[in-house]
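Below: the structure, in structure tokens.
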Amino acid sequence: MLSPQLFHKILGVAFSLLLYCAEGKPAVNSPPPGSRNLSEDRTDERFMLGSDLLVDSEMEGVICQIEYRISRLERVLYFLKMITASGGKIFATSEKKADFHTTLTKCKEAGGSIATPRNPDENDAILYFVKTFNTYAYLGIKECLITSTFQFLGSTQLSYTNWHLNEPSGKGEEECVEMYTDGTWNDKSCNKNRLIVCQF
Ligand code: MMA
Ligand code: CA
């Protein structure tokens, strides 16, 4: 039989373990700068979840678990070479191929948009998939037929380019842009099958 003292000790340890994430990160940490100090306002210290009251420390534990589970899923996707991050963006591939318009649709359906490199770092992020799957990818850049210049989708001027030597060369005949396996760009007809790469 456990003595009441030992029982309370075990209970205490079990509860403090509950406050830790599976990663070993404390569930109760200091609030982010700028956030209100909840302990100043007792009414804010409890949250409703269904019919149960969750105290602040329990809520922190739940958030910590959710963060852990999200980071675990991210690690799986990195492992499968399906996502890569650059700056604030996540680039992702379905590993499928499609023409330009289907790529636009697929990325939109997933809640993202076609991968559009706006700096060398983002270009490298997209290149990671092009190299990994050894397949060119369409980019979110199109020819503006009136001026025969290329623009980001949404009609913004190209603030960054990485054209291959002597490209663009299509003179109005190649309205889309693909990324080669060295990361340089080529203007190309839009009806080829290219690796689907989206950004989120
Ligand atoms: C192909 C086509 C063009 C590209 C040239 C480069 C022959 O056309 O991919 O878009 O500019 O190759 O030689
Ligand atoms: Ca070309």
Side-chain angles (χ1 to χ4, degrees), residues 22-23 32 34 63 66-200:
E23 272 180 319
I63 291 167
I66 292 169
E67 282 175 348
Y68 167 71
R69 294 181 72 165
I70 291 171
S71 90
R72 188 175 56 176
L73 286 175
E74 282 176 345
R75 279 178 276 134
V76 170
L77 293 173
Y78 280 116
F79 172 72
L80 295 173
K81 299 187 189 300
M82 291 181 82
I83 63 166
T84 187
S86 167
K89 279 188 194 174
I90 293 175
F91 293 94
T93 183
S94 60
E95 300 176 26
K96 305 261 185 335
K97 292 187 205 176
D99 63 27
F100 178 77
H101 290 283
T102 308
T103 300
L104 289 187
T105 306
K106 294 283 178 195
C107 290
K108 200 173 169 193
E109 276 173 1
S113 54
I114 186 170
T116 306
R118 290 186 176 263
N119 56 54
D121 203 63
E122 292 188 356
N123 205 69
D124 280 350
I126 301 164
L127 177 60
Y128 167 70
F129 297 122
V130 170
K131 277 185 165 165
T132 299
F133 300 102
N134 196 28
T135 310
Y136 300 166
Y138 280 124
L139 304 174
I141 297 167
K142 268 205 101 174
E143 188 166 23
C144 175
L145 290 177
I146 300 161
T147 58
S148 263
T149 56
F150 286 81
Q151 295 183 325
F152 291 126
L153 299 186
S155 306
T156 47
Q157 210 184 306
L158 292 184
S159 48
Y160 161 76
T161 62
N162 197 33
W163 293 114
H164 192 268
L165 188 68
N166 300 327
E167 302 296 347
S169 60
K171 299 184 182 71
E173 297 299 309
E174 299 180 314
E175 290 177 48
C176 286
V177 177
E178 64 186 358
M179 181 183 285
Y180 284 155
T181 45
D182 66 353
T184 60
W185 306 352
N186 172 41
D187 60 338
K188 189 77 181 177
S189 51
C190 303
N191 60 354
K192 304 295 174 195
N193 268 333
R194 297 291 179 253
L195 185 69
I196 298 176
V197 183
C198 311
Q199 63 184 29
F200 297 86

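Ligands are counted one by one from 1 in listed order, and the atoms in each one are counted from 1 as well. Keep in mind that the numbers below use all heavy atoms, side chains included, and drop hydrogens, waters and symmetry copies.
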When rounded to the nearest 0.5 angstrom, what is the spacing between SG in Cys107 and CD1 in Ile196?
-> 6.5 Å

Ser86: what forms a side-chain hydrogen bond (donor to acceptor under 3.5 Å, both in side chains) with it, not counting sequence neighbours?
-> Asp121

Neighbouring protein residues of ligand 1 - any heavy atom closer than 4.0 Å = Glu167, Ser169, Glu174, Asn186, Asp187, Lys188

Which residues share a side-chain contact (heavy atoms from CB on, under 4.5 Å) with Leu80, sequence neighbours left out = Val76, Met82

Within 45 degrees of the axis of the six-membered ring of Phe152 and under 6.0 Å from its centre: does Arg118 put its NZ or CZ there?
-> yes

With Glu122 via salt bridge (charged side-chain N to carboxylate O under 4.0 Å, His left out) - residues at least two apart = Lys89

Sub-6.0 Å ring centroid separation between Trp163 and Phe150 = yes

Report the C-alpha distance between Leu127 and Phe129 in whole Å, list the side-chain angles of each, state the deciding distance to 0.1 Å, and finish with yes or no for side chain to side chain contact (heavy atoms under 4.5 Å, CB included).
-> CA-CA 5 Å; Leu127 177 60; Phe129 297 122; over 6 Å; no

Rounded to 10 degrees, what angle sits at the Ca ion (ligand 2) between Asp187 O and Glu174 OE1?
-> 70°

What is the name of the N/O/S atom in Glu167 that sits closest to the Ca ion (ligand 2)?
-> OE1

